[in-house]
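We number each residue from 1, following the sequence as shown. Atoms within each ligand, like the ligands themselves, are counted from 1 in listed order.
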Amino acid sequence: MLSDFLAIRLREALQGARRQAERHGETVLATASAPVEPSAFDLPSLFASRPKRLPAFLWLGTGDHGMVGLDVAWEAVAQGEERFSAIAAAWRRTAKNAVVSGEEGPVALGGFRFDPRRPTSELWRGFPDAVLSVPRFVLRLRHGRGQVIVSDAVDHATDIEARFTALLDAWSRLRELNRNPDSTESAMPELRERPGDRPAWTALVDRAVATIGRGELEKVVVARTVDMTFSAPVPTGSVLDRLRDANPKASVFAFERHGACFAGATPETLLTMENHAFQTMALAGSIGRGADPDEDGRAGERLLGSAKDRREHRLVVETLRRALEPFCTEIHTDAAPTLHKLPRVQHLMTRFGGRVRGGTSLIELVGRLHPTPAVGGVSLETALDFLRRHEDLDRGWYASPVGWIDTDGNGEFMVALRSALIDGRRATLFAGCGLVAGSEPDSEYRETLLKFVTMADALGLRELAVRAVPAPRTQTGTRPRPL
Ligand SMILES: C=C(O[C@H]1C=CC=C(C(=O)O)[C@@H]1O)C(=O)O
């Protein structure tokens, strides 16, 4: 049962929303919230206990902010190049009219497709070009406090009492499920590389470097996938637990749609906004972690001193600055890149902060920034054209913005890296590398292995060998080869 307190607020919000819907002749979002004891819930287990096929959302930010959303009260879907402005406009209208009873208004979570001009493959069938959803039930933990937020969409004909009872019933069923999280049975993963993958990667990198050599491109980020198969359905709750525990500097996300779950632990902030203050970062240029502090320090120094990685990074910094300038009254950045050390890999990072002009929309600005040259390239159109022709892969939501927004327009969007699409007994893992003049297929290949490790580890694969074996330039074998 909902607490009496929340039940009173919910009925009040539903009634208010119905009056508003009668006045305006459109659907209105009703939201009620009340405090809960934060320690009563474990967010990954709550996510994992969702009934099959119920849409579910998980967001674990780098601070103490996390939330789980279950089911959908309101959703905007958009297709095509204008997807960001369409979603921004839909949210602005809905947020403005929402009827709120309690401290917290509705929170919407969503994601975007990397390139809407590429056809959607079977793999990403449940993930449209852009979706923003307000979950029906959200449990949000922030600053050591917890809130349950219940939302529903109401129109002039909604039977408020029937809706109220249905929400109470649904919530008590979900609370029951929270006590029975998914099985922790070992799903015994196997990771196989498809036989043609390594030569295809070598050919792709060679082609990109040749295109760069001809002066047609400065940088392009190419990506590849590996598949993991499991003897039983992937226990998502344990995977998300492991992602959270192993990646304290990353934001952990999971979006479950139509039975498939897109999840990851990404280190890259695309844009956060709070009361006109924004933050973003350039993250590009990578090297592995050393086995001990000395070796690790030397690897970091090599990365800081690598002309190739500095060029790869500088293009992101310059492009971000140019994209932000028209929208900002103030921008400050780190004077030089620093090392961002993650468990298996370290990156060059330049942080940006400042203030946006009044009226700037978080989602529209996210659309202006995406894709940065950390996942796309320079020049952007030539890089996208290169990827459309030569990258034999549907990126879906990988390398794209995922995040959340509230009714004041504050929120957080990350670039969905170090991620995988989990569907029953199969997971497809994604990783990419920035290529500039001087990039080499073998070392870029090893870099993708380092990037796969985040998800491979969480999915229970203990030893993803990151071997320094040079790739055979031609390979004709047909047997799958373990990595
Ligand atoms: C494209 C990815 O990483 C980006 C972010 C950091 C470093 C990168 C690099 O060094 O290539 C990439 O630009 C990925 O993880 O799939």
Distance under 4.0 Å to a non-hydrogen atom of [X]: what atoms of ligand 1 satisfy this?
| X | value |
| --- | --- |
| H347 | 6 (C), 7 (C) |
| E268 | 5 (C) |
| C433 | 11 (O) |
| E447 | 9 (C), 10 (O), 11 (O) |
| E312 | 9 (C), 10 (O), 11 (O) |

What residue and heavy atom of the protein are closest to [atom], and at what distance?
| atom | result |
| --- | --- |
| atom 12 (C) of ligand 1 | A374 O, 3.4 Å |
| atom 11 (O) of ligand 1 | G434 N, 2.8 Å |
| atom 10 (O) of ligand 1 | S286 OG, 2.5 Å |
| atom 2 (C) of ligand 1 | G432 O, 3.4 Å |
| atom 3 (O) of ligand 1 | R418 NH2, 3.3 Å |
| atom 6 (C) of ligand 1 | L283 O, 3.4 Å |
| atom 8 (C) of ligand 1 | K451 NZ, 3.3 Å |

Taking the side chain from R50 and the backbone from A48, do they hold a donor-acceptor pair closer than 3.5 Å?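 Pair found, side chain donor or acceptor close to backbone of A48.
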Any donor and acceptor pair, going by atom type alone, linking the side chain of D334 with main-chain N or O of R351 inside 3.5 Å? yes
Side chain to side chain donor-acceptor pair (under 3.5 Å) with H313: which residues, sequence neighbours excluded?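 For H313, the residues satisfying side chain to side chain donor-acceptor pair (under 3.5 Å) (neighbours in sequence not counted) are T350.
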Once side chain to side chain donor-acceptor pair (under 3.5 Å) is applied, do any residues pair with S133, and if so which ones, sequence neighbours excluded? E75
F255 vs F253 aromatic rings, parallel, tilted or perpendicular, using cut-offs 30° and 60°?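 Geometry flag for F253 against F255: tilted rings.
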Using 30° and 60° as the class limits, which term best fits the ring planes of F262 and W397: parallel, tilted or perpendicular?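 Perpendicular.
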Considering only NZ, NE, NH1 and NH2 on the basic side and carboxylate oxygens on the acidic side, decide whether E364 and R357 come within less than 4.0 Å. no
Count the heavy atoms belonging to other residues, nucleotides or ligands that lie under 6.0 Å from CD of E82, then report whether that count exceeds 12. no
For ligand 1, is there an N or O atom under 3.5 Å from any N or O atom of G285? yes
Please confirm whether A431 comes within less than 3.5 Å of ligand 1 when only nitrogen or oxygen atoms on both sides are compared.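 No - when backbone and side-chain N and O of A431 are compared with those of ligand 1, no distance drops under 3.5 Å.
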If we only count heavy atoms from C-beta on, is the V316 to K219 side-chain gap below 4.5 Å? yes
Between T360 and R355, do the side chains contain a donor N or O and an acceptor N or O under 3.5 Å apart?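 Judged by distance alone, the side chains do not pair up.
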Counting heavy atoms only, which part of Y398 comes closer than 4.0 Å to ligand 1: side chain, backbone, both or neither? side chain
